[in-house]
Amino acid sequence: MIEFWCTTVLICTSLGAWLGAIPIPLDWDRPWQVWPVSCVYGGLAGCALGHIIAAIGWHFPLHEKS
């Protein structure tokens, strides 16, 4: 189960950081669109979402625990 937790958090964090890069080319005049800021926010949001998904999967597994 720990592999599920780590994998879920890693995938969600990476996906969040990748999606956080989307607003960067829109307009560089905004302070929140400077290079690492939106990626960091996306990564943090993805990490939080990954922990939520992993906690739900931990408490309600789709398969029998051995």
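No path of Ile, Leu, Val, Met, Phe, Trp and Tyr side chains, each step under 4.5 Å between heavy atoms, connects Ile2 with Ile11, placing them in separate hydrophobic clusters. Cluster membership for Tyr41 and Ile22, using ILVMFWY side-chain heavy atoms within less than 4.5 angstrom, is not shared.
Taking CD from Glu3 and OG1 from Thr8, the interatomic distance works out to 11.0 Å, rounded to the nearest 0.5 Å. For the atom pair CG of Leu49 and CG of Leu44, the computed distance is 12.5 Å after rounding to the nearest 0.5 Å.
Between the side chain of Ser38 and the backbone N or O of Ala21, no donor-acceptor pair lies under 3.5 Å.
Taking each heavy atom of Gly46 and Cys12 in turn, the nearest pair found is O-CB, 3.1 Å. The shortest heavy-atom contact between Gly57 and Phe4 is CA-CE2, 3.9 Å.
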